[in-house]
Amino acid sequence: MLYPHCLCVHKDGYETFASWKKVWTSNGKSEPSLKAFMADQQLPFWVQCTKPDCRKWRQLTKEIQLTPSLAATYRCGMKFNNIKCEGLDQCSQPEDLRVAEVTDSWWHSMLILPPLFKESPASPFLTAYYPDCVGMSPSGSPSNMSELRADHCRAVQPQSKSVVPGLCPYFQPFYQPNECGKALCVRPDMMELDELYEFPEFSRDPTMYLALRNLILASWHKNCKELLTSQKCAMHIIVRGLVRVRCVQEMDRVLHFMIRKGLINTGVLAVKQPLNIIIIGAGASGLAAARQLHNFGTQLVVLEARERIGGRVWDDTSLGVTVGRGAQIVNGCVNNPIALMCEQMGIKMHKLGERCDLFQEGGQVTDPAIDKRMEFHFNAILDVVSEWRKDKTQNQDTPLRGEKVQEVKKNFLQESGIQFTELEEKVLQFHLSNLEYACGSTLDQVQAIDYSGDVVKVTSSNGSQWKAQKVLVTVPLTLLQRNLIQFNPPLPERKLKAIHSLGAGIIEKIALQFPYRFWDKKIQGADYFGHIPPGTDKRGMFSVFYDLDPQGKQAVLMSVITGEAVPAVRDMEDKEVVDECMKVLRELFKEQEVPEPLHFFVTHWSKDMWSQMSYSFVKTGGSGEAYDILAEDVQGKVFFAGEATNRHFPQTVTGAYLSGVREASKMAAM
């Protein structure tokens with residue numbers, strides 16, 4: 001009995017309990033009770049036979065400690081210390097009757113104490129939390145922190161909140177205490193709303209769920225190059241008593257929920273729920289959905305109009321380095337699925353530096369203090385406009401870059417008595433051009449989607465027809481706005497209104513390969529440099545130049561054309577655009593010779609019939625809610641994905657990718 005063992009005047013028993021209590025108290029938050037001691041130290045371990053035709057649960061003797069390697073290899077009758085097992089087939093022996101009771105629904109509600117895992121893979125991620133608040137045993141988590149707080153977190157030094165050693169720095173699946181919002185993060189000590197909806201039985205005490213979920217996420221981020229299975233996770237469930245049987249059983253449910261959410265087993269893994277789906281468009285969202293659905297074992301067909309995949313992601317290697325004709329820069333790498341896939345494929349990402357010198361035409365370098373001051377005024381103007389919009393109706397809205405910005409600027413100058421110099425005005429125009437950059441202002445020519453019956457029919461312009469249970473539409477926003485695809489019945493009015501309340505922004509790119517790196521001496525290793533426009537009429541014309549080989553082996557510059565400059569170059573020949581760009585470069589580097597480019601290319605997204613846009617933005621009179629409405633499915637048959645359906649990450653490949661994973665999970669779950 002436990003009580004006599006610990007409370008009677010038995011020196012060894014008392015010292016064992018006292019030693020455990022000291023560790024528990026120093027590391028944990030919960031009461032170091034005798035019941036907790038029994039669950040943590042005295043109950044026997046249970047382990048499942050790994051033989052496929054057995055899988056029976058067996059109780060280990062008290063002296064045997066369960067480890068992940070033992071859990072992964074255990075067979076019935078296994079002997080330890082090199083003792084051979086002889087006699088009858090041990091797998092033929094009946095399973096303990098108590099195991100069957102564990103599967104009953106009432107069993108979990110009768111638990112006196114929740115399970116707390118030892119040596120969980122999540123432990124290195126969660127050193128800032130009390131172990132018992134995130135599903136782990138305080139006796140297995142040595143503490144080097146003496147100061148404790150009243151909530152679920154322990155006081156930590158700043159460096160203890162950094163990335164787990166040996167892990168990709170972009171993998172941060174858990175929020176740290178007092179941390180601001182990050183994409184695709186979870187609170188390790190709290191269930192989210194969708195988790196509570198999916199697992200209501202854990203709402204009273206979420207400890208078991210948190211222990212399993214945290215273990216799964218940590219295991220995935222420790223090795224994202226292999227498929228994570230229930231078996232791989234179960235071997236790391238180290239907890240005493242029959243509750244381990246229940247934890248292993250629940251693991252499968254939690255794991256599949258994490259897969260449906262797109263938090264694990266995603267990226268470029270190849271993984272096998274019979275379902276028949278058509279995906280229209282092989283851009284980032286369509287391919288993400290296809291990969292995820294393939295991992296679910298879904299039968300699918302992807303229809304693409306072009307003779308290439310990728311949509312608005314289109315890499316060009318003709319200049320000796322990889323240049324993105326479309327998307328190229330990953331904005332925010334932490335927990336970004338693009339960073340995940342780079343890690344899976346062994347592709348290195350180059351982190352862009354923060355330095356961006358601004359050059360005036362004539363070659364002068366702008367004083368960084370002026371740039372900083374004008375950036376402050378620019379952000380202040382945006383803040384004022386944002387406040388102004390809060391209590392306005394959609395009919396009262398005005399274009400951000402138009403009259404309202406000028407009105408706010410004029411009022412500020414009058415009230416403050418400040419006068420901007422000519423150079424300061426030009427720097428302000430540079431920042432406005434960057435705002436325009438941010439807004440951007442084979443499909444087999446699919447013609448119709450008929451979802452009026454039980455089966456969805458997709459018909460192309462040449463008469464080819466496909467049938468499926470569901471269809472995912474991932475075409476760019478402009479194609480929906482132009483009614484390129486005819487829906488039967490027509491899309492709901494609510495969705496049509498949302499489609500037309502978003503704008504389709506366009507930016508163009510130009511890339512130039514030179515015989516040598518003429519800019520090196522002046523730029524001094526920066527990844528990019530800015531061009532201050534000589535006047536408002538030139539705003540958006542080659543405002544930033546990127547060095548596409550910062551290692552210095554190739555001489556390639558890439559620049560962008562944004563805002564009002566886009567229609568100005570729309571009908572120009574490529575050589576004319578190059579000539580305009582060269583005029584700018586020769587003004588910026590006036591003190592030296594700028595050679596003619598050896599090779600170049602200019603994009604024409606505005607003329608691309610299958611995109612006619614770069615990315616979406618909220619038009620005057622619109623709202624961010626349009627993204628959510630656009631993401632809504634129609635009758636559980638027609639689904640939509642793409643950057644224009646992702647309110648949290650619009651205008652990005654990341655947003656497109658996540659929307660594809662979102663819809664794949666939604667279709668599989670319905």
Side-chain angles (χ1 to χ4, degrees), residues 39-40 43-60 64-78 80 90-91 95-96 98-104 107-108 111 114-126 131 134-137 140-141 173 188 195 198-199 201-202 206-261 263-265 269 271-272 295:
D40 192 66
L43 292 179
F45 285 109
W46 289 76
V47 64
Q48 190 173 27
C49 179
T50 57
K51 195 173 180 180
D53 57 352
C54 178
R55 307 297 292 168
K56 292 175 181 174
W57 286 90
R58 304 300 186 190
Q59 178 180 320
L60 298 179
I64 299 176
Q65 294 291 316
L66 182 63
T67 64
S69 59
L70 175 58
T73 58
Y74 180 81
R75 294 289 182 96
C76 291
M78 178 182 285
F80 302 91
Q90 296 298 310
C91 288
E95 186 177 63
D96 193 304
R98 291 173 293 176
V99 173
E101 296 179 349
V102 176
T103 61
D104 291 337
W107 195 91
H108 177 259
L111 275 177
L116 298 175
F117 296 175
K118 290 178 177 287
E119 309 302 328
S120 171
S123 182
F125 293 84
L126 305 177
V134 291
M136 300 186 300
S137 169
S141 305
E195 294 175 319
E198 187 79 10
F199 302 94
E201 66 272 27
F202 293 112
T207 306
M208 182 188 292
Y209 178 83
L210 294 175
L212 294 169
R213 180 250 267 159
N214 294 345
L215 185 155
I216 290 169
L217 288 178
S219 299
W220 167 246
H221 284 85
K222 281 188 172 184
N223 184 7
C224 65
K225 298 179 181 179
E226 294 182 6
L227 180 71
L228 187 64
T229 64
S230 298
Q231 290 75 20
K232 290 179 181 178
C233 292
M235 61 188 281
H236 292 287
I237 298 177
I238 308 298
V239 65
R240 292 178 181 272
L242 279 166
V243 72
R244 182 171 188 270
V245 178
R246 185 60 175 252
C247 288
V248 170
Q249 292 171 345
E250 295 289 352
M251 172 63 74
D252 200 53
R253 290 177 62 210
V254 180
L255 182 90
H256 281 90
F257 178 69
M258 294 288 107
I259 293 174
R260 293 207 314 271
K261 286 187 70 172
L263 294 179
I264 65 169
N265 289 348
L269 284 184
V271 195
K272 281 187 172 223
N295 292 351

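As the structure is a computational prediction, the values presented were derived from the model and not from experiment. Residue numbers count from 1 along this sequence. When reading the values below, keep in mind they use all heavy atoms of this one structure, side chains included, and skip hydrogens, waters and symmetry mates.
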When you measure from the side chain of [X] to the backbone of [Y], do you find a donor-acceptor pair of N or O atoms at a distance under 3.5 Å?
X: Asn214; Y: Pro188; answer: yes
X: Arg244; Y: Trp46; answer: yes
X: Asn265; Y: Leu228; answer: yes
X: Arg240; Y: Pro44; answer: no
X: Arg58; Y: Val47; answer: no
X: Asp96; Y: Gln59; answer: no
X: Ser120; Y: Phe117; answer: no
X: Glu95; Y: Lys56; answer: no
X: Lys232; Y: Leu227; answer: yes

Open item on the list: In terms of relative ring orientation, are Phe257 and Phe199 parallel, tilted or perpendicular, with 30° and 60° separating the classes?
Closed with: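 Perpendicular: the ring planes of Phe257 and Phe199 meet at over 60°.
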TODO: Mind telling me whether Tyr209 and Phe202 have parallel, tilted or perpendicular rings, with 30° and 60° as the class edges?
DONE: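 The rings of Phe202 and Tyr209 sit tilted, inter-plane angle from 30° to 60°.
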Restricting to non-hydrogen atoms, name the atom on [X] and the atom on [Y] that form the minimum distance, rounded to 0.1 Å.
X: Pro173; Y: Leu217; value: CB-CB, 4.5 Å
X: Ala211; Y: Gly135; value: CB-O, 3.4 Å
X: Thr207; Y: Pro114; value: CB-CB, 3.5 Å
X: Cys91; Y: Lys51; value: SG-CD, 3.8 Å

Any chance you could measure [X], atom [atom1], to [Y], atom [atom2], to the nearest 0.5 Å?
X: Met136; Y: Leu210; atom1: CE; atom2: CG; result: 11.0 Å
X: Met251; Y: Leu212; atom1: CE; atom2: CG; result: 4.5 Å
X: Leu116; Y: Ile238; atom1: CG; atom2: CD1; result: 14.0 Å
X: Thr67; Y: His236; atom1: OG1; atom2: NE2; result: 10.5 Å
X: Met208; Y: Ile237; atom1: CE; atom2: CD1; result: 9.0 Å
X: His256; Y: Ser230; atom1: NE2; atom2: OG; result: 6.0 Å

Open item on the list: Let's go through Thr103 and Val245 carefully: what are the C-alpha distance in whole Å and the side-chain angles of both, what is the deciding distance for side chain to side chain contact (heavy atoms under 4.5 Å, CB included) to 0.1 Å, and is it a yes or a no?
Closed with: CA-CA 8 Å; Thr103 61; Val245 178; 5.8 Å; no
Open item on the list: Check this for me: does any side-chain nitrogen of one of Arg253 and Glu250 sit under 4.0 Å from a carboxylate oxygen of the other?
Closed with: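 Salt bridge present between Arg253 and Glu250.
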TODO: Report the C-alpha distance between Trp107 and Leu242 in whole Å, list the side-chain angles of each, state the deciding distance to 0.1 Å, and finish with yes or no for side chain to side chain contact (heavy atoms under 4.5 Å, CB included).
DONE: CA-CA 10 Å; Trp107 195 91; Leu242 279 166; 4.0 Å; yes
N/O donor-acceptor pairs under 3.5 Å from side chains in residues 70-77, not counting sequence neighbours:
{"residue": "Thr73", "atom": "OG1", "partner": "Ser69", "partner atom": "O", "Å": "2.8"}
{"residue": "Arg75", "atom": "NE", "partner": "Thr50", "partner atom": "OG1", "Å": "3.2"}

With heavy-atom distances below 4.5 Å as the criterion, would you say the side chains of [X] and [Y] are in contact?
X: Ser219; Y: Leu215; value: yes
X: Val243; Y: Leu43; value: no
X: Arg246; Y: Val248; value: no

